[in-house]
Amino acid sequence: MEYNFREIEAKWRQFWAENQTFKAEDNSEKPKYYVLDMFPYPSGAGLHVGHPLGYIASDIFARYKRLQGFNVLHPMGYDSFGLPAEQYAIQTGQHPDKTTKENIARYREQLDKIGFSFDWSREVRTSSPEYYKWTQWIFTQLFDCWYNNKTQQAERISELELIFASVGNTVVDATTDCEETFNAETWNGFDHEKKEAILQQYRLAYLADSWVNWCPALGTVLANDEVINGVSERGGHPVEQKKMRQWSMRIKAYAERLITGLDGLDWTDSIKDQQRNWIGKSQGCSVCFPLWRGTEGEEMLEINESIEVFTTRPDTIFGVSFLVLAPEHPLVAKLTTEDKREAVENYVKASSLKTERDRQANVKNISGEFIGSYAVHPFTGEKVQLWIGDYVLASYGTGAVMAVPCGDQRDWDFANHFGLEIKNIFENIDISEAAYTEKEGKIADSGFLTGLTVKEAMKAAIEAIEAKELGKGKTNYRLRDAVFSRQRYWGEPFPVYYKNGKPHMIDARYMPIILPEVEKYLPTEDGQPPLGNAPVWAWDTVDNQIVDNVNIDHETVFPMELNTMPGWAGSSWYFLRYMDPHNEQEFVSKEKVDYWKNVDLYIGGSEHATGHLLYARFWTKFLYDLGFIGFDEPFQKMINQGMILGRSSLVYKLHYSKLNTQSTDNLKSIFISKSLFEKIGDSKNPLRQITNETIINFIADKNNTSPNEINPLFITNELHVDISIVDNDKLDIEAFKNSREEYKNAEFIYEDDGTYICGSEVEKMSKSKFNVQTPDELVEKFGADTLRMYEMFLGPLEQSKPWDTKGINGVHNFLRKFWRLFHDQTGNLLISDEAPSKDSLKTLHKTIQKISIDLERFSFNTGVSNFMIAVNELGEQKCNNRAILKDLLIMLSPYAPHISEELWVKLGYEAGSINVAPFPTFNPDYLVESAFSYPISFNGKVRFSVELPADMSKEDAEAHVLGLEKTQHYLEGKAPKKMIVVPGRIVNIVL
RNA sequence: GCCCAGGUGGCGGAAUUGGUAGACGCGCUGGAUUCAAAAUCCAGUACUGCAAGGUGUGCGGGUUCGAUUCCCGCCCUGGGUACCA
């Protein structure tokens, strides 16, 4: 019987599904292991070969862990809220729920074909009410908490209210936007509304007017990580800064823990660094520069009003020659003198109109205005000018900087541009061409700091600043709070209603708050989010249910929140839900989360470094603070699979006309093969005359005319052709002609061997480039086991690589060879129960060792190689011993589960039991060799090798090698200076 | 600019701690089998040279008996990020 993968794979897929082979037990004596894939967004395009790459790797590992005796949790689900389904709904009127469900069905079908060992009984979908009920609940928990910097954790708002009522807020060290201070008496005197307004400034989920990234084309706000280079990540639309009342998450509170937590994680440095940079911790201190209140020569006045700046270089304070404020700084209007007012106001207005992108695009244009007022240098008493400039950001630090041109390039450029003073406070450093930004060397001309090193000066400066009460050491973070509202339909509704304009949480008992039906998915005419179209979207506080909007009386029935939650809400905690997916009482039971704990291995793309991965860590830490879960990092080890790029095929189309026919209507065209294109092609200059003889003669011949009649020749750009009609770069001419009406009579200039060779390009897979490779056709043609092994064989998991099916035959052949090991020439099972040969045992144990090591270091590509080597060796040995093949089958089963199951049962073992069979143990005794072939090198260059007994002593080996004729030949009569013998490795002779 | 990852045959890629560079697969060349093809099997395949030999892991140095591996300085590619004071 031949290796009939179609039959075999269908059979085992069905068996696994019917027997729930991969169902994970919640109560097991076995140790647990949690392997998770980043769940996909079910897009309309379906899976392409890039998707399964990570899933195959995690599946292999999950199966390996089962063989090692672990109770493995390996679930899958869908991140099913999102923009594309909504855009599609706007265009077609189809309910996003419908298209989403269809897409999920297609994904499932594709996933099933690849033979994953997912426990589908635990599937989650972020868009199902049973799931988002708990996303809503977590939101209300965040609303109900504040962050206590003293205890470094989230605490309940009710406790904060008690503190306020007894001692006010001055002793509270919280992460807050509240700048007001009050004592208990004042607090107790506040009315309810005022109290709530203050509490909003402490809540971890809060409603506030803040500058947000507004994307007009998408009609919604975006989080910082959704904006790339000033345009939206999705669609590349421009983004503006807009002040809007929005829900936000106080992720800033967790900045420090998000940084320190990285140390204990087994993630790549690259991802950790990206997160560290994104959080952007910088240490320095704040310094107050008192305002100059007098005329020239007058003494400085009391420090009752001042400009506060933040600096990371307090050591350079004597180098300050001016201050720069952000144009939006609140004191600008007040401090602008009359003679400067017009220029300043124009400048402020101009910068407020700039979009984020404009501001970034014109980094090199230095601009600013002197506002006419001065501050006083707190140590020298000198007058320093006050400027505004849009290189200073209102939202970072204090919105003002002390400019030290000698130590900061931007300040240097600014000073240079406006002809301001550049003081040098560095010993023996030339700053005439550029600022000196190294934190090394000694400080000069700096009062009490003179002669100190930068480090010492830093410390001394902060001490002096603190002593004079001008400011204090401070840590700043670049991380901004995350906007949590989206003006979209297809997302989680907020469990919120508004009473007197203040948000109120709907009690958890009444969740889920189900997404209402709407007529249209577009914003309303008066600019409200799509939920503004919902006719039944009001909260009845008496009956505790959603009622028709006509009932809104602002007494007992109130309007509900019209925004929905962002995409990252549902994905920030989904890994917890898999542990207890059907629990209706809690988001996850304590018992189950204590058993499964955090994810042991997480596999997914690195593009989520500053989005999903940061938010999921934030929510995990929050849930940990409240005691719901027992760990504060979600993903212990993570591997980021590389992107699989598509390899597009290109044809080269050339246009021509006969002499005297200048009209472009009569242009004819011809396709030229790759080598000819390479002779004449010029991608920078696609439209020009061609003088190549081969082409001109060919065309003349085709048109029964003389070459002189053929005149202007133009080459167009390269055209993508469908990769399905190209084999090994050779174009299937017939298929090409049939692919489009316009190609029906196409003419070609071939290569010398009569074939048409296409060009190629490696780029992202996309429909428009005709280079999308779906797994389905490959599974159909070669089987899932071949696809699984081939995707792994392609190269290291983490690396990006072009997809190329050229090598897939090699892997498929391997599986056929493997199959043949078990059968005789006529295809009948032929297994020997005799004791295996020494060679076969050696091959087996070498393989056990290598496969284990490769799995432990996630080197799946070398794993496949090692199976190939083993099968090649066993084939040569004509080994068909049960003892050998059984162990080999177990090892192969994570990679190629279908064929392994089939042969396992053919060997007479119970169906399904291979999935929990013990992974074979390595016995080094089988690898012991009696002799070793030593490479003999001279000055490090290997010349020949010689077989020596493995237990030969260094001295004996040395003498033996020296006595060899070949050695004498290379010594050329000289005596060796030195001889190095590394037992079991090498012999090196130094001449 | 800054941070991170990477640079090895015609191609994808191997090479645990410094110890025979190019495993494994693809492709290519030749051969066997076949009426022929597919499939299968065998041999060869870094470059250069008729050969002995020489040269080779982005480039230039260094450490070492010995460097793809360690150190210093550059170049290139990919990713991230950017007036963050």
Side-chain angles (χ1 to χ4, degrees), chain A residues 2 228-229 268-278 280-282 284 309-313 316 324 326 359-360 362-366 389-393 395-404 407-411 413-414 437 476-480 606-607 609-610 640 642-643 728 789-790 793-796 798-811 813-814 816-817 820 849-850 853-854 856-857 859 861-870 872 933-945 976-982 984-991:
Chain A
E2 263 294 286
I228 312 282
N229 292 328
T268 61
D269 288 339
S270 156
I271 296 270
K272 286 190 190 181
D273 275 333
Q274 274 185 54
Q275 290 210 347
R276 281 191 198 104
N277 292 342
W278 187 259
K281 179 178 182 174
S282 57
V309 302
F310 173 74
T311 180
T312 56
R313 296 295 302 273
T316 63
V324 188
R359 254 187 147 166
Q360 285 177 14
N362 300 317
V363 169
K364 279 171 197 119
N365 290 355
I366 295 160
D390 66 8
Y391 79 94
V392 179
L393 303 179
S395 52
Y396 183 78
T398 60
V401 302
M402 57 178 221
V404 183
D408 183 289
Q409 193 57 45
R410 288 154 313 175
D411 296 345
D413 291 338
F414 196 86
T437 54
N476 258 331
Y477 299 93
R478 202 184 71 112
L479 184 72
R480 308 290 155 82
S606 57
E607 67 272 20
T610 53
N640 307 109
M643 205 190 333
N728 251 332
M789 293 196 87
Y790 184 57
F793 189 55
L794 235 37
E798 301 90 336
Q799 224 165 74
S800 277
K801 53 225 154 187
W803 176 257
D804 201 331
T805 49
K806 264 199 245 159
I808 199 166
N809 281 315
V811 174
N813 283 344
F814 156 75
R816 296 171 50 168
K817 265 196 217 172
R820 264 185 267 131
Q849 186 188 30
K850 287 195 162 162
I853 291 172
D854 286 342
E856 293 298 340
R857 52 182 195 146
S859 177
N861 56 328
T862 53
V864 176
S865 298
N866 284 318
F867 282 120
M868 289 175 170
I869 294 167
N872 288 345
S933 174
Y934 278 90
I936 311 300
S937 60
F938 295 80
N939 285 342
K941 284 182 183 163
V942 177
R943 298 299 176 179
F944 61 93
S945 53
K977 279 190 191 148
K978 199 175 173 185
M979 211 169 154
I980 287 137
V981 178
V982 185
R985 288 273 192 206
I986 202 168
V987 176
N988 191 20
I989 298 162
V990 186
L991 298 176

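Letters go in sequence order (proteins before strands), and every chain restarts at 1.
Of the side-chain N and O atoms in A/T862, none sit less than 4.0 angstrom from OP1 or OP2 of B/A23. At the phosphate of B/A14, OP1 or OP2 sits under 4.0 Å from a side-chain N or O atom of A/N861. Under 4.0 angstrom from either OP1 or OP2 of B/U40 there lies at least one side-chain N or O belonging to A/N813. Between B/G54 and A/R943, a contact under 4.0 Å exists linking OP1 or OP2 to a side-chain N or O. In terms of phosphate contacts, A/Y396 brings a side-chain nitrogen or oxygen within less than 4.0 Å of OP1 or OP2 of B/A85. Using a 4.0 Å cut-off, some side-chain N or O of A/N872 falls inside it from OP1 or OP2 of B/G25. Here A/K941 reaches the OP1 or OP2 of B/U55: one of its side-chain N or O atoms lies under 4.0 Å away. Contact check, A/K806 against B/G27: no side-chain N or O comes under 4.0 Å of OP1 or OP2.
Residue A/D390 has its side chain nearest to B/C83 when only B/G12, B/C83, B/U40 are considered. When distances are taken from the side chain of A/W278 to each of B/G25, B/G19, B/U81, the shortest belongs to B/U81. The side chain of A/R816 lies closest to B/A39, out of B/A39, B/C83, B/A85. When each of B/A82, B/A85, B/C41 is scored by its nearest atom to the side-chain atoms of A/R410, the top-ranked nucleotide is B/A85. For A/R820, counting side-chain heavy atoms from C-beta on, the closest listed nucleotide (B/A82, B/A85, B/U40) is B/U40. If you check B/A5, B/G25, B/G13 against the side chain of A/D269, the one that comes closest is B/A5. Residue A/N988 has its side chain nearest to B/G19 when only B/A85, B/G19, B/U20 are considered. In this structure, of B/G13, B/G80, B/A5, it is B/G13 that holds the atom nearest to the side chain of A/P796.
A/I980 comes within contact range of at least one nucleobase, with a heavy-atom separation under 4.0 Å. Using a 4.0 Å heavy-atom distance criterion, A/S945 is classed as making no nucleic acid contact. When heavy atoms are screened at a 4.0 angstrom cut-off, A/D273 is found touching the sugar-phosphate backbone but no base atom. No contact: A/K850 has no heavy atom under 4.0 Å from any strand. Within the 4.0 angstrom heavy-atom criterion, no nucleotide atom of any strand lies near A/P802. A/Q799 comes within 4.0 angstrom of the backbone, heavy atoms only, and of no base. Nucleic acid contact for A/S270: sugar-phosphate only, since backbone atoms but no base atoms lie under 4.0 Å from a heavy atom of the residue. Using a 4.0 Å heavy-atom criterion, one finds that A/I853 contacts the bases of the nucleic acid, with or without backbone contacts as well. Backbone-only engagement by A/V942 is indicated by non-hydrogen atom pairs under 4.0 Å involving sugar-phosphate atoms exclusively. Using a 4.0 Å heavy-atom distance criterion, A/R276 is classed as making no nucleic acid contact.
Heavy-atom nearest nucleotides on RNA chain B were determined for A/G795 and for A/N277, and the one closer to the 5' end corresponds to A/N277. Take the nearest nucleotide of RNA chain B for A/I989 and for A/D408: the residue whose nucleotide is more 5' is A/I989.
A straight line from CG of A/L794 to C1' of B/C24 spans 13 Å, rounded to a whole angstrom. Distance, A/F814 CZ to B/G25 P: 10 Å, rounded to whole Å. What separates CZ of A/F938 from P of B/U64 is a distance of 22 Å, to the nearest Å. Computed from coordinates, the A/M789 CE to B/C24 C1' distance equals 11 Å when rounded to whole Å. Between A/N939 atom CG and B/A67 atom P the separation is 10 Å, expressed in whole Å.
B/A5: Watson-Crick or G-U partner is B/U77, with both key distances under 3.5 Å. Both distances falling under 3.5 Å, in either a Watson-Crick or a G-U wobble arrangement, occur for no nucleotide opposite B/U20. Across every strand in view, B/U55 sits in a pair with B/A46 that passes the Watson-Crick or G-U test at under 3.5 angstrom.
Side chains of A/D273 and A/R276 form a contact here, defined as non-hydrogen atoms less than 4.5 Å apart. You'll find the side chain of A/F938 reaches within 4.5 Å of the side chain of A/F944, heavy atoms only. Residues A/I989 and A/M979 have side chains in contact (heavy-atom distance under 4.5 Å, counting atoms from C-beta outward). Side chains of A/P796 and A/N861 form a contact here, defined as non-hydrogen atoms less than 4.5 Å apart. Using a 4.5 Å heavy-atom cutoff, the side chains of A/F867 and A/V811 are not in contact.
Using cut-offs of 30° and 60° for the angle between ring planes, the A/F310 and A/Y396 rings count as perpendicular.
For A/R480 against B/C84, a side-chain N or O and a base N or O form a donor-acceptor pair under 3.5 Å.
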Output, in order, the C-alpha distance, side-chain angles, deciding distance and verdict of side chain to side chain donor-acceptor pair (under 3.5 Å) for A/N872 and A/K817.
-> CA-CA 8 Å; A/N872 288 345; A/K817 265 196 217 172; 3.0 Å; yes

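Atom OG of residue A/S606 and atom CE of residue A/M643 lie 8.0 Å apart, to the nearest 0.5 angstrom.
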